[in-house]
Amino acid sequence: MVKKIEPSPERGDIANGRLESWQEIADYLKRDKRTVQRWEKEEGLPIHRHRRRVRSSVFAFGDELEEWLRGNPVTIDPITARSSRRRLYFSLGLCFLSLLIGALGIYVFSFHPVFSPADTSKLPRTVTDFQGQELQPAISPGGNQVAFVWGGESGDNLDIYVQSLTDSRVIRRTTAPEVDYSPAWSPDGASIAVLRGLAGNRAEIILVPVLSGAERVVGTVTVPPWEWGPQLSWSSDGHWIAFGDGGDSGEALFGISLINVITGERRPLSIPEGSQIGDHSPVFSPDGESVVFTRALTLNSSDLYRMELSKDLQPVDEAKRLTSFHAPMVRGWWSACGKQILAAVGSAGKSRLWRVPAKGDGSVELNPVADQGICCPVLLPDHRLIYSRRSVRSRVRSYRSGTQIANDPLVVSSGSLSALAYSGSKDAVAFASDRFGHDELWLQSLSSSGLTRLTQFGKGWIGHAGWSPDGARIVFDSSAPGHSDIFTVSVDVPSPQGLAEGKWLKRITQDTHEDILPTWSRDGKHIYFSSNRAGGFQIWKVAAEGGEPVAVTKDGGLFGMECPDSCCLYFTKWNTAGLWKLELESGDELLVAPSCSKHFAVSSDGILCTAEDGNGRPEFSIQLYRFSTGQVETLQHYRTQFGGDFDVSYDGNSILISELGVSEADLLIIDHFHCRLSGGICERLLPWLGSLLGL
């Protein structure tokens, strides 16, 4: 006997009512949420979505569901159901036995599943070896061509080039004077979508024919100002491109949006919840049924999220968090099978490769992968891995008022340098370095070149540091606790035991939200910092020894420093340009320098800030907003890439600037890169089985 689920009088009292969630719809149909979502995707179950709310918020009408049931009765055979249950119990028992044997193997044979080259004696081979940086490889659908970004022989302009993987021929595909980046092949291999940089964090999405023909502009978008990397991904049908979108003004939270390459229609895909900075770097799965993207809580804390999609590219449910790296840079790329995600995690010059299961069951670092500094890895169906290996040398130079940058850098590192804090009284500089694969705080004397390690977290990333007015302590933020908190550390650590949290290292905030970008008050009694503990990022104030923080700003605040007489606070906002002044007594806000960037420092003469120049090229300048005139003037222009941080002495005469020095990046390929069982029972048994079978 077969039972049918058909329209029932028992549901008649709400048949014409409105069901406001997946759970209500599932309860109404007497099924679980996953089954109902599958019915909508595969069987056309009539589900509606709110237009002005989160895209995954759904509703349905009872009469429409009843009508659907009349045309789609769902059958259940009791005999088949009992048989299915027996098979399920048998499968569960077999799985439990397999897990038990696997656990025993792990214990006895030290079994470790990793991604690695099948033959570790084979090193990566070079695909490109040009002068400068070859970045952001994108593989053609046929797997025989790679598109990438390169500055050409002279390095004066970034364009898109295509190289054959069979005969090494290289063809330049764009020649516009603007910066072209983020190549993405269309599914049919006929064109390449690229971003063409414009002023003010704007960019055009351009379709470039692979063989011949004119370029076509799809639309103009706002790209994330902190991210220069792969931003475009095609849907599997070739009709839509996903990208990180800041809206028309560029002052909203970044979300993932779709644009139709034929009609130009745009629609949102993800809307960041709560107080996150935004979403970017989307990548469609090979089957087109989900998209993985990066969600940034702060500039120093990002992780991967995955969103499942319906056939018409609508969100099926809320985005699911896949990782807990809390790293400055996290970028994901799908494996060819769509079951795993390759993630480049770290910071500039020190990123490492991880394997992330698409279901988010846990992450494993892929060792041995030949290089650190891996960027944009792409795994081909034939188990070849192509990636860009970037070598960055960071350096810190000094600038004294009225003079040029010193010829010899004060600090040099093969990785990234951040969190610069300069003390004129100590003649020393504190900085964060990722030389161990994560950030630790270091102290270097400028007179003796002595180097002292101030922290020993063993994980996490440091975003900003500042020296106390008396030169005794340094305040900084670190994501080592799993989210960013504020710490202080004494600069006179007498022994390695002082590196642990306690007498010399003190944790000031312990909220579960993101506390970042700390600075000292002029008297050294308080610490200002930015936090999203009450929603969007605001500037807060806390006693230097810890205590209950108090909100200072009301309409947004990212980074703040007291003026020399302590009567006001100069600060910036996350999604609003310019430098603002807050009168601490009255609470009045005033925009004082519209062109000032988010990197600034307060001196006795005025406010110094950086300004990016060259429309995406490696150039920047230092500007001064002078208190006496209220005008902004350029102090010096640099034809190097700004390293992301600088600091100024209290008298304003000495400035330390981080730069990214000579940086090389080549494309490399590993020919045999696939999952294997390393160092365990399989490697012990396979040779024995081979000899037994005469292989």
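Please read all numbers here as calculations on a predicted model, not as lab measurements. Hydrogens, waters and symmetry mates play no part in the numbers below; they use all other heavy atoms, side chains included.
- Between the side chains of E318 and Y305, no donor-acceptor pair is found at a separation under 3.5 Å.
- For the pair S281 and Q231, the minimum side-chain heavy-atom distance is below 4.5 Å.
- Proximity of a side-chain donor or acceptor of K320 to a complementary backbone N or O of K359 within less than 3.5 Å is detected.
- Looking only at side-chain heavy atoms (C-beta outward), V292 and L322 come within less than 4.5 Å of each other.
- Side chain to side chain, T509 and D511 fail the donor-acceptor criterion of an N or O pair below 3.5 Å.
- Side-chain polar atoms of Q538 and T553 form a donor-acceptor pair below 3.5 angstrom.
- Side-chain contact between R533 and W540 is present, with at least one heavy-atom pair separated by less than 4.5 Å.
- Residues meeting the side chain to side chain contact (heavy atoms under 4.5 Å, CB included) test with D287, sequence neighbours left out: S285, E289.
- Side-chain atoms of W354 do not come within 3.5 Å of backbone N or O of A344 as any donor-acceptor pair.
- The nearest pair of heavy atoms linking V345 to A327 is CG1-CB, 3.7 Å.
- Counting only distance, with no hydrogens or angles, the side chain of W333 and the backbone of A343 share no donor-acceptor pair below 3.5 Å.
- Summarising the geometry of G189 relative to V210, their closest heavy-atom pair is O-CG2, 3.4 Å, with the distance given to 0.1 Å.
- Residues I341 and L304 are in side-chain contact: their nearest non-hydrogen atoms beyond the backbone lie under 4.5 Å apart.
- Between D245 and R266 there is a salt bridge, since at least one side-chain N of the basic residue sits less than 4.0 Å from a carboxylate O of the acidic one.
- A side-chain donor-acceptor contact under 3.5 Å links Q136 to the backbone of S182.
- Residues D317 and M307 approach most closely at O-CG, 4.1 Å, considering heavy atoms.
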Item to complete: Verify side chain to side chain contact (heavy atoms under 4.5 Å, CB included) between L342 and Y387, making sure each step is shown before the conclusion.
Response: CA-CA 11 Å; L342 299 177; Y387 61 96; over 6 Å; no
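- In terms of modelled atom types and a separation under 3.5 Å, the side chain of D515 and the main chain of I486 share no donor-acceptor contact.
- Considering every non-hydrogen atom in both P377 and L353, the closest pair reads CG-CD1, 3.5 Å.
- Paired with W68 under the rule ring-ring contact (aromatic ring centres under 6.0 Å, His included), one option of W39, F61, Y28 passes, and it is W39.
- The backbone N or O of G288 sits nowhere less than 3.5 Å from a side-chain atom of S236 that would complete a donor-acceptor pair.
- Counting heavy atoms from C-beta outward, W22 and I47 have side chains that approach closer than 4.5 Å.
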Fill in: Test log, rule side chain to side chain contact (heavy atoms under 4.5 Å, CB included), inputs H239 and I262
CA-CA 7 Å; H239 293 167; I262 301 173; 4.2 Å; yes
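- For S478 against P481, the heavy-atom pair with the smallest separation is O-CD, 3.5 Å.
- For S479, the side chain to side chain contact (heavy atoms under 4.5 Å, CB included) criterion is met by H326, W461, S484, not counting sequence neighbours.
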Practice prompt. Give the intermediate values and the outcome of side chain to side chain contact (heavy atoms under 4.5 Å, CB included) for residues L45 and L65.
Written response: CA-CA 7 Å; L45 186 70; L65 297 181; 3.8 Å; yes
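- Contacts of E42 classified as salt bridge (charged side-chain N to carboxylate O under 4.0 Å, His left out), with partners at least two apart in sequence or in another chain: R38.
- Looking at every heavy atom in both residues, P141 comes nearest to P187 through CG-O, 3.4 Å.
- Between I669 and R384, some side-chain heavy-atom pair lies under the 4.5 Å cut-off.
- With S233 as reference, V283 is the one residue of V283, L258, I256 to meet the side-chain contact (heavy atoms from CB on, under 4.5 Å) rule.
- With sequence neighbours excluded, the residues forming a side chain to side chain donor-acceptor pair (under 3.5 Å) with S310 are D312, listed by chain and number.
- With respect to the salt-bridge test (charged N to carboxylate O, under 4.0 angstrom), the residues R295 and D303 do not qualify.
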Fill in: Derivation and outcome, ring pair (Phe, Tyr, Trp, His ring centres under 6.0 Å), residues F284 and W334
CA-CA 8 Å; F284 279 107; W334 289 88; 9.9 Å; no
Discussion item. Run S301 and E514 through side chain to side chain contact (heavy atoms under 4.5 Å, CB included) and show every step you take.
Written reply: CA-CA 9 Å; S301 180; E514 301 293 325; 4.1 Å; yes
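- With sequence neighbours left out, E215 forms a side chain to side chain contact (heavy atoms under 4.5 Å, CB included) with T174, R196, I206, V208.
- Checked by atom type and distance alone, the side chain of T220 never pairs as donor or acceptor with a backbone atom of A203 at under 3.5 Å.
- Contact of the F148 side chain with the P183 side chain is not registered, since no non-hydrogen atoms from C-beta on lie closer than 4.5 Å.
- Take E204 and apply the salt bridge (charged side-chain N to carboxylate O under 4.0 Å, His left out) test, not counting sequence neighbours, and it matches no residue.
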Discussion item. Pair F59, H48 - check ring pair (Phe, Tyr, Trp, His ring centres under 6.0 Å), show working.
Written reply: CA-CA 5 Å; F59 63 93; H48 304 273; 5.3 Å; yes
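- In summary, of the residues considered (V217, V194, V218), a side-chain contact (heavy atoms from CB on, under 4.5 Å) with L207 occurs for V218 alone.
- For the pair R321 (side chain) and T323 (backbone), a donor-acceptor distance under 3.5 Å is present.
- Within the 4.5 Å cutoff, side-chain heavy atoms of T222 are placed close to those of F254.
- Counting only N and O atoms by type, the side chains of H483 and D485 include a donor and acceptor under 3.5 Å apart.
- R18 and E24 are not joined by a salt bridge, as no carboxylate oxygen comes within less than 4.0 angstrom of a charged side-chain nitrogen.
- With hydrogens and angles disregarded, no donor-acceptor distance shorter than 3.5 Å links the side chain of N532 to the backbone of F537.
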